[in-house]
**Q** 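One structure is given below, represented as structure tokens, and several questions about it will come after.
From a predicted model like this one, the values you see are computed outputs, not experimental measurements. Atoms within a ligand are numbered from 1 in the order they appear, just like the ligands themselves.
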Amino acid sequence: MINATSPGLPSAEEIDIPALKAKYRQERDRRIRKEGQEQYVRPVDDFAGAYEADPYTPVIPRKPVCEEIDIAVLGGGWSGIAAGVHIRKSGLTSFRHIDHAGDFGGVWYWNRYPGLQCDNDAYCYLPLLEETGFMPSKKFTDGHEIREYAQSIAKRYELYENALFHTMVESLRWDEELKRWRIATRQGDDIRARFVIMANGLLNIPKLPGIPGIHGFKGHMFHTARWDYDYTGGCEKSPILDKLADKRVALVGTGATAIQLVPYLGKYAKQFYVLQRTPSCVDSRRNSETDPEWVKTLKPGWQAERRDNFHRGANERFRKGEKDLICDIWTEVNRNLSAEQEEQGWPELTAEEFAVRFEEMDFRVMERLRRRVDAIVEDKETAELLKPWYRYQCKRPTSNDEYYQTFNRPNVKLIDVSETQGVQRMTESGFVANGVEYEVDCMLFASGYEVTSDLDRRWGIPVFEGRGGLSMYDNWNGSYKTLHGMMTHGFPNLFTTGYYQGGLNSTLTYNFEQQVKHMLYIVKEVLDRGALAAEVSKEAQDAWIRHMRETEVNKAEWIASCTPSYFNNEGKPDVDENGNERYRFYLGELYGPGWDAFMRVLENWRSRGDLDGLVLSR
Ligand code: NDP
């Protein structure tokens with residue numbers, strides 16, 4: 001057998017799909033809040049210091065920088081590092097990274113909570129493994145190892161010498177006369193950059209639930225993105241949270257972060273409350289150390305091959321006879337499907353036939369995961385509350401070998417707050433859930449990030465074009481307007497990384513690498529041609545938007561069926577001027593023909609060599 005179905009997978013006969021659909025719908029509907037994204041608040045006012053200050057690296061005072069450079073890279077996370085690598089490979093030297101953090105690493109710089117690991121196969125996720133010769137120590141590797149690796153790449157490519165850390169960008173303004181972006185920072189810098197690469201990440205701004213009374217709580221409180229080891233005891237590499245031994249702790253949220261964290265809090269806190277609104281699905285982790293014998297078998301090109309395999313397994317479908325190299329929760333539906341197809345002698349399936357099978361397998365896998373809860377959690381009522389009732393990938397699938405077990409501890413209590421669509425209230429000394437007041441010493445928030453909220457909240461950097469001073473947010477106004485997701489008419493020499501209007505690969509870092517490679521091609525061409533600026537023409541932008549819409553794969557039904565989350569705008573559809581509702585994937589506008597096709601679009605565009613759709617000015 002090339003692949004095998006997962007142990008414990010129920011047969012199609014064991015599940016009742018219409019009944020499950022009805023149950024999913026009911027669970028979704030009761031969670032939708034009329035405020036949508038507005039239910040969250042930015043950690044401002046009295047919280048601001050905690051999120052803007054850097055607890056990890058001392059701030060070294062410096063004089064404001066006033067200079068002209070070729071490229072400013074806003075952000076020192078994976079996308080910013082990838083940009084730096086490609087800048088160096090292009091032979092350009094006049095550039096700067098600017099980051100609010102004290103070092104490279106992005107999310108892996110800020111996040112240091114106990115249990116932090118990469119939830120994706122690290123052999124895919126960590127970039128440039130073949131080039132650097134580095135190998136992660138395990139499949140789901142630890143956060144500090146990822147951060148140290150990111151920083152080692154920054155050293156290798158000499159990115160430190162140009163970096164401005166502890167620097168908060170306040171605005172970007174295109175100066176039409178200079179044909180440069182003027183970057184103003186809170187540190188008083190005036191940097192005039194020919195090109196700007198926005199590498200500000202997807203998970204850069206923590207968000208808090210707007211729970212009534214949140215500001216009045218007198219105990220200790222923090223978001224997981226700024227873990228306070230002084231309070232909890234332990235440290236990142238040895239998270240023995242011994243100072244919690246006499247503390248009552250509550251955690252808000254049960255997403256990917258919480259799943260990793262809960263076992264540690266359950267182990268060390270005197271009393272631990274998990275406040276759950278929607279359960280995650282949690283598979284066994286089967287993490288394994290990297291086998292040096294396996295490493296010896298790897299042939300050049302192995303990482304690209306593995307990433308392609310992962311992408312097909314997680315987001316498309318395996319090819320006939322293709323082995324699943326990843327074998328985890330992300331690829332389970334497709335792995336099971338290919339195992340069954342193999343048994344049946346690989347029948348030819350149309351896209352529609354495959355979709356029907358995929359949907360059925362989705363229900364079977366989710367049922368397997370619900371049965372896993374019953375098998376581990378002793379208290380039946382708690383087990384029932386922990387079961388996920390939604391389609392696979394409506395929420396990020398997770399894996400952990402101690403999460404469900406934690407609920408068998410006598411000091412741990414699960415409090416389901418779905419009935420009131422979240423924690424009801426906070427008081428000076430604790431919180432109220434389901435009408436009951438609980439006293440706690442510490443409230444922790446694993447409540448996520450500004451991923452799909454309005455751009456001004458998400459980016460936190462006002463961006464203005466130079467002719468009429470129009471802001472990028474007003475220009476996009478809820479609907480992306482780009483060429484290839486990277487450049488926008490009216491905003492010359494500005495590049496955006498992310499999923500705005502292009503292909504999506506299951507390995508986030510691979511998306512970034514490909515995007516910045518394309519950006520650097522453009523930068524180099526513009527400079528080599530002696531031009532000062534490149535701007536997407538309105539026609540080229542409109543043509544790309546049209547092409548995106550014409551080739552769109554409509555996933556509205558699936559998105560509408562999902563429980564609310566940042567993927568689907570908290571379950572709220574867009575409403576057009578005629579009152580028509582449209583559900584869409586909120587992470588970005590994705591290229592329907594898929595990642596490989598998107599790569600071909602970019603490669604063909606570059607190989608034509610004519611910068612088609614860009615207007616150069618000298
Ligand atoms: P999420 O946004 O996924 O989860 C936030 C949690 O807070 C949800 O459980 C949410 O409930 C809950 N919540 C929000 N408001 C309230 C409220 N008022 N009352 C009670 N609960 C509330 O954040 P995470 O930090 O868990 O994850 C964010 C992203 O970070 C992930 O999607 C992933 O991309 C990334 N990540 C990656 C990891 C990796 O290994 N690479 C590891 C961890 C995170 P509800 O679901 O009902 O909205």
Side-chain angles (χ1 to χ4, degrees), residues 27-28 30-33 35-41 77-78 106-108 110-111 113 115-122 124-126 139-143 146 201-214 223-225 227 250-262 273-282 285 287 328-330 388-390 393-400 414-426 431-434 443-453 499 506-509 562-571 586-587:
E27 292 291 333
R28 167 200 178 272
R30 70 190 188 88
R31 286 183 170 83
I32 293 188
R33 286 178 58 148
E35 319 92 299
Q37 304 271 4
E38 295 307 315
Q39 66 181 285
Y40 296 103
V41 292
W78 279 127
V107 285
W108 301 102
W110 293 111
N111 278 276
Y113 60 80
L116 174 65
Q117 285 187 337
C118 178
D119 263 342
N120 287 99
D121 185 89
C124 290
Y125 181 75
L126 294 189
K139 175 179 167 74
F140 300 114
T141 204
D142 297 331
I146 299 174
L202 300 167
L203 305 171
N204 53 338
I205 301 188
K207 67 183 186 195
L208 291 171
I211 302 171
I214 190 168
H223 188 282
T224 49
W227 193 264
L251 176 71
V252 177
T254 48
T257 298
I259 302 306
Q260 297 184 335
L261 176 60
V262 157
Y273 301 106
V274 179
L275 300 173
Q276 169 190 276
R277 192 166 64 177
T278 312
S280 281
C281 66
V282 190
R285 191 126 169 115
N287 201 357
D328 59 25
I329 181 69
W330 292 96
W389 297 102
Y390 45 78
Q393 290 206 13
C394 275
K395 283 201 174 293
R396 193 179 156 93
T398 68
S399 57
N400 193 290
L414 178 74
I415 302 178
D416 184 85
V417 294
S418 57
E419 235 14 82
T420 46
Q421 297 183 322
V423 180
Q424 263 175 303
R425 194 155 50 83
M426 283 180 66
F431 63 91
V432 177
N434 304 319
M443 286 292 289
L444 296 173
F445 291 91
S447 46
Y449 300 85
E450 302 275 356
V451 185
T452 55
S453 50
Y499 307 137
S506 312
T507 300
L508 187 59
T509 50
C562 282
T563 38
S565 77
Y566 65 78
F567 287 176
N568 66 355
N569 192 26
E570 299 298 332
Y586 249 69
L587 267 184

**Q** If you have a sec, work out which protein heavy atom is nearest atom 28 (C) of ligand 1 and how many Å separate them, to one decimal?
**A** Tyr449 CD1, 4.1 Å
**Q** Out of Arg277, Arg31, Arg396, who gets a non-hydrogen atom closest to atom 16 (C) of ligand 1?
**A** Arg277
**Q** Considering distance alone, does some N or O of Gln421 sit under 3.5 Å from an N or O of ligand 1?
**A** no
**Q** For ligand 1, is there an N or O atom under 3.5 Å from any N or O atom of Asp119?
**A** yes
**Q** Show which atoms of ligand 1 fall inside a sub-4.0 Å distance from at least one heavy-atom site of Gly253.
**A** 6 (C), 7 (O), 9 (O), 12 (C)
**Q** In this structure, are over 12 heavy atoms from other groups packed under 6.0 Å from Arg425 atom CZ?
**A** no
**Q** What part of Tyr125 sits under 4.0 Å from ligand 1 if we count only heavy atoms: the side chain, the backbone, both or neither?
**A** neither
**Q** Is it the case that the ring center of His223 lies less than 6.0 angstrom away from the ring center of Tyr113?
**A** no
**Q** Hey, does Tyr113 sit under 4.0 Å from ligand 1 if you only count heavy atoms?
**A** yes
**Q** Any sub-3.5 Å donor-acceptor pair from Gln39's side-chain atoms to Gly210's backbone N or O?
**A** no
**Q** What's the spacing between Gln276 CD and Ile415 CD1 if we round to 0.5 Å?
**A** 11.0 Å
**Q** Regarding Glu27 and Tyr390, is there a side-chain donor-to-acceptor distance under 3.5 Å anywhere?
**A** no
**Q** Looking at Gln117, which atoms of ligand 1 are within less than 4.0 Å of one of its heavy atoms?
**A** 39 (C), 40 (O)
**Q** Which is closest to atom 6 (C) of ligand 1 by heavy-atom distance: Ala446, Gly448, Ser399?
**A** Ala446
**Q** Counting only nitrogen or oxygen atoms and a 3.5 angstrom limit, does Thr278 reach ligand 1?
**A** yes
**Q** If we ignore hydrogens and angles and just use 3.5 Å, is the side chain of Asn400 paired with the main-chain N or O of Ile259 as donor and acceptor?
**A** yes
**Q** Atom 29 (C) of ligand 1: which protein heavy atom is closest, and how many Å away?
**A** Tyr566 OH, 3.8 Å
**Q** Looking at Arg31, Arg28, Lys395, which hits side-chain hydrogen bond (donor to acceptor under 3.5 Å, both in side chains) with Thr278?
**A** Arg31
**Q** How close does the nearest protein non-hydrogen atom get to atom 35 (C) of ligand 1, and which residue and atom is it?
**A** Leu203 CD1, 3.5 Å
**Q** Is there a heavy atom in Phe445 that sits closer than 4.0 Å to ligand 1?
**A** no
**Q** Determine, step by step, whether Gln260 and Asp119 satisfy the side chain to side chain contact (heavy atoms under 4.5 Å, CB included) criterion, reporting the C-alpha distance in whole Å, the side-chain angles of both residues, the deciding distance to 0.1 Å, and the verdict.
**A** CA-CA 9 Å; Gln260 297 184 335; Asp119 263 342; 3.1 Å; yes
**Q** Could you find the nearest protein heavy atom to atom 9 (O) of ligand 1 and give me its residue, atom name and distance?
**A** Thr254 N, 2.9 Å
**Q** Are any non-hydrogen side-chain atoms of Lys207 and Tyr449 less than 4.5 angstrom apart?
**A** no
**Q** Taking the basic N atoms (NZ, or NE/NH1/NH2) and the acidic carboxylate oxygens, is any pair closer than 4.0 Å for Glu419 and Arg30?
**A** yes
**Q** With nothing but distance in play, are any N or O atoms of Val423 less than 3.5 Å from an N or O of ligand 1?
**A** yes
**Q** Within the structure provided, determine whether Phe445 and Ile211 are in side-chain contact (heavy-atom separation under 4.5 Å).
**A** yes
**Q** Hey, is Phe140 touching ligand 1 through its side chain, its backbone, both or neither, going by heavy atoms under 4.0 Å?
**A** neither
**Q** Would you mind listing which atoms of ligand 1 come within a distance below 4.0 Å of any non-hydrogen atom of Val252?
**A** 19 (N), 20 (C), 21 (N), 22 (C)
**Q** Measure the distances from the heavy atoms of Cys118 to every atom of ligand 1 and state whether one is below 4.0 angstrom.
**A** yes
**Q** Given the rule in the side chain to side chain contact (heavy atoms under 4.5 Å, CB included) test, do Gln393 and Trp330 qualify, once you have shown the distances and angles that lead to the verdict?
**A** CA-CA 9 Å; Gln393 290 206 13; Trp330 292 96; 4.0 Å; yes
**Q** Identify the closest protein heavy atom to atom 27 (O) of ligand 1: which residue and atom is it, and at what distance?
**A** Thr257 OG1, 3.7 Å
**Q** Closer than 4.0 Å to some heavy atom of Ala256 - which atoms of ligand 1 meet that?
**A** 26 (O), 43 (C), 44 (C)
**Q** Heavy atoms, side chains only, cut-off 4.5 Å: are Thr509 and Leu126 in contact?
**A** no
**Q** Need the ligand 1 atom indices (1-based, order shown) with element for anything under 4.0 Å from a heavy-atom of Ser447.
**A** 5 (C), 7 (O)
**Q** Determine, using heavy atoms of Lys395 and all atoms of ligand 1, whether some pair is separated by less than 4.0 Å.
**A** yes
**Q** Between Thr254 and Ser280, is there a donor-acceptor pair closer than 3.5 Å when you use the side chain of the first and the backbone of the second?
**A** no
**Q** Nearest heavy atom to atom 18 (N) of ligand 1 wins, so pick from Pro209, Gly115, Pro206.
**A** Pro209
